[in-house]
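Notes follow the structure.
Residue numbers count from 1 along this sequence.
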Amino acid sequence: MAKKGQGFNLACAAIEKAIKAAQDHGSKRLPTIVRIAASAGLSPETIRKALAYYREKGILRSAPGRGIILGDTIEAVPAFPVSHKQPPPKQLTWQKALTLLKSDIMAGAFGWDMALPSLKELQRRYGISYRTLKKVLDSCTDERLLVAYGRQYKTFSPGVETSGLRIIVIGQGQKDRSIARGIDGNQFIQTLEHICTKSRIKLEVYASYINDGSVNLIDTATGKQRSIDASDDIIGFIFIAIGPQIKADIRKSLPSRQELDAQLFNPVLRLLWHCKKNVAIYTHDQRFVVPGIISKSPLFQIFCISATGKSAYHVARFLISKGHKRVAYICPFHKAGWSVNRLALLRKVFAETEMAGALSEAVLPEYEELMAVYQEAQQFYDIKPLIHAFAAWKESNKALAIPHMEHAVNTLFERQRLLDTLYNRLVPKLQLIAQDKSITAWICANDGIAEMVLKFLHQQRINLPNDLSLISFDDSPIALDKRLASYNFNVPSVAQLIFQYLLNPGLVRGGRRRKVIEIDGMIVERESVRTI
């Protein structure tokens with residue numbers, strides 16, 4: 001204990017020295033954690049623990065893209081050095097293990113309603129004794145995160161009679177019953193269907209849209225109009241806070257994305273508030289804002305997948321651990337906020353490891369999403385001859401015509417035109433970064449973009465992973481088929497956690513201030529990345 005207390009004091013002294021040096025030079029920025037640790041002969045982890053003390057006091061704060069800077073209360077701090085006779089209280093071993101186990105359960109590490117590994121395996125996983133493990137498991141059982149049976153433990157199961165009960169999913173949609181689902185939206189709803197089927201709970205999905213100032217709901221299964229009510233058979237609601245894609249020419253006449261989201265979402269959220277039922281809000285954006293009256297309600301909880309922040313952090317750390325010191329980020333939709341935030345965090349991670357300037361970029365800042373490419377795509381080539389040829393074939397082969405086939409073919413042609421447009425615009429930028437042989441890894445915005453990049457690499461005779469490493473986001477069937485390393489957003493675990501929340505709200509809470517619950521994803525390693 002004395003040795004650890006001494007290390008904390010030494011870390012504080014090193015930080016105070018760095019603060020004093022920054023003040024003497026009229027600067028607000030401190031050196032990186034690695035540099036402070038090296039100057040003091042301490043580990044970066046020891047410095048991080050001491051920095052937490054200064055952040056709590058407001059003496060220091062973290063600024064995206066700038067690292068550690070002086071906080072707002074720095075002038076009110078007494079002369080240095082400050083005494084640190086009592087370091088922050090140390091968390092007990094069983095409390096640390098309990099926190100880790102809870103995190104793993106919530107992230108779906110052990111599956112849904114399945115047996116945990118053996119006690120010996122759990123002891124090795126968390127590095128604790130048998131007695132400590134039993135204390136941790138019993139605590140999780142008391143909170144109903146686990147269920148004990150015999151000498152084993154299972155992850156949560158409802159344990160109540162659920163037949164006849166319903167969960168309602170509401171997403172922003174249209175009269176045609178389609179809804180905006182976002183990243184892996186189909187997987188999210190399918191996972192909910194599987195869970196509800198297993199638990200004998202009926203899942204209903206409604207598409208909402210605004211008509212004449214009022215909210216309209218359509219059952220996506222039956223096409224019938226529905227209403228929001230507080231029936232006793234309704235366990236709770238899941239609101240998918242993801243807006244639809246809008247063509248660029250239409251968007252120009254609309255307010256900002258945040259204002260548009262408010263117009264689309266807030267009327268439905270207010271209706272749900274009146275039902276006095278538990279509501280889980282599913283979103284991709286941790287900064288999602290709900291109306292004030294709802295933000296104070298204990299019945300609402302926001303759940304977020306790590307689509308922008310943590311995903312970029314994990315990818316950057318993964319490549320650094322593989323020895324890559326210079327990488328490139330590729331995104332044709334860099335006008336989108338998620339891409340800007342992702343690139344900023346990638347830069348921050350590399351800067352914190354004293355690798356500032358290690359990140360190059362090949363982006364198209366004029367596009368926000370695929371729909372925004374549509375008008376420009378028409379100038380490259382015309383697909384009308386293909387469509388006319390298909391129409392002629394259909395006319396002469398009426399017996400072979402399949403319902404809705406014409407729409408499917410037109411959509412396929414249009415999508416290919418859009419992708420070709422993006423590819424033609426990206427090629428010059430890809431050629432530039434390909435010439436820099438010091439860049440050893442490329443990060444693609446998603447698996448679809450990675451597929452385009454693979455086409456370019458094949459044409460340039462650049463082989464993966466010997467000549468270059470490639471990683472992307474989404475972990476879609478494309479990544480599986482092409483054997484690409486990709487970031488999986490762990491959407492099924494979010495669905496499982498939301499289900500737990502609706503059945504047992506007290507077990508899954510974001511704290512008194514309704515902190516957003518964000519579930520980490522994971523990098524699925526495949527053959528496209530190698531160690532340098």
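Atom CD1 of Ile33 and atom CD1 of Ile47 lie 8.5 Å apart (nearest 0.5 Å). Taken to the nearest 0.5 Å, the SG atom of Cys444 stands 11.0 Å off from the CG atom of Asp474. Atoms CD and CG, from Glu121 and Leu133 in turn, are 11.5 Å apart once rounded to the nearest 0.5 Å. Between the CG atom in Leu346 and the CG atom in Asn341 there is a gap of 11.0 Å [rounded to 0.5 Å]. The CZ atom of Phe456 lies 5.0 Å from the CH2 atom of Trp442; values are rounded to the nearest 0.5 Å. With rounding to the nearest 0.5 angstrom, the CG atom of Asn463 is 9.0 Å from the CG atom of Leu457.
Considering only heavy atoms from C-beta on, Leu464 comes within 4.5 Å of Leu454 through its side chain. Looking only at side-chain heavy atoms (C-beta outward), Ile449 and Cys331 stay at 4.5 Å or farther from each other. Considering only heavy atoms from C-beta on, Leu60 comes within 4.5 Å of Ile19 through its side chain. Side-chain contact between Ser199 and Phe499: present, with at least one pair of heavy atoms (C-beta onward) separated by less than 4.5 Å. By the 4.5 Å heavy-atom criterion applied to side chains, Phe489 and His284 are not counted as neighbours. Contact check for Lys96 versus Tyr126: no side-chain heavy atoms found under the 4.5 Å cut-off. Two residues are said to be in side-chain contact when any heavy atoms from C-beta on lie closer than 4.5 Å; Val494 and Ile498 meet this criterion. When side chains are defined from C-beta on, Val491 counts as touching Tyr282, because their heavy atoms get closer than 4.5 Å.
Contact record, Ile36 with Ala14: CG2-CB, 4.1 Å, taken as the closest heavy-atom pair. Minimum interatomic distance between Leu101 and Cys140 (heavy atoms only, all atoms of both residues): CD2-SG, 3.7 Å. The shortest non-hydrogen separation linking Leu192 to Ala495 is CD2-O, 3.7 Å. Contact between Val529 and His324 at its shortest, heavy atoms only, is CG1-NE2, 4.3 Å. Across every non-hydrogen atom of Cys304 and Val516, the tightest pair is CB-CG1, 3.7 Å. The nearest pair of heavy atoms linking Ala358 to Phe350 is CB-CD2, 4.0 Å.
When atom types are taken as modelled, the side chain of Arg530 and the backbone of Pro465 share a donor-acceptor pair closer than 3.5 angstrom. Listed for the Ser139 side chain is no donor-acceptor partner under 3.5 Å among the backbone atoms of Lys135. In this structure a side-chain-to-backbone donor-acceptor pair under 3.5 Å is present from Arg342 to Ala445. Asn490 places a side-chain N or O within donor-acceptor distance of the main-chain N or O of Asp520, the cut-off being under 3.5 Å. Tyr487 places a side-chain N or O within 3.5 Å of a backbone atom of Gly521 that can act as its donor or acceptor partner. Remark: side-chain polar atoms of Ser528 are paired, donor with acceptor, to backbone N or O of Ala485 under 3.5 angstrom. With hydrogens and angles disregarded, a donor-acceptor distance shorter than 3.5 Å links the side chain of Asp447 to the backbone of Ser476.
In this structure, a donor-acceptor pair under 3.5 Å is absent between the side chains of Ser486 and Arg526.
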Requested in this report: With side chain to side chain contact (heavy atoms under 4.5 Å, CB included) as the test, would you mind laying out the steps for Leu343 and Leu359 before giving the verdict?
Outcome: CA-CA 9 Å; Leu343 180 57; Leu359 191 66; 3.3 Å; yes
**Report entry** Chi angles and distances behind the side chain to side chain contact (heavy atoms under 4.5 Å, CB included) call for Val136, Leu122
**Finding:** CA-CA 11 Å; Val136 169; Leu122 291 174; over 6 Å; no
**Report entry** Chi angles and distances behind the side chain to side chain contact (heavy atoms under 4.5 Å, CB included) call for Leu426, Val453
**Finding:** CA-CA 9 Å; Leu426 268 177; Val453 170; 5.7 Å; no
**Report entry** Chi angles and distances behind the side chain to side chain contact (heavy atoms under 4.5 Å, CB included) call for Ile433, Tyr329
**Finding:** CA-CA 10 Å; Ile433 60 173; Tyr329 174 67; over 6 Å; no
Report task. Could you please spell out the steps behind the salt bridge (Lys or Arg N to Asp or Glu O under 4.0 Å) verdict for Glu361 and Arg347? Result -> CA-CA 11 Å; Glu361 58 187 66; Arg347 285 201 186 108; 2.4 Å; yes
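For NZ of Lys322, the number of neighbouring non-hydrogen atoms (other residues, nucleotides, ligands) closer than 6.0 Å is greater than 12.
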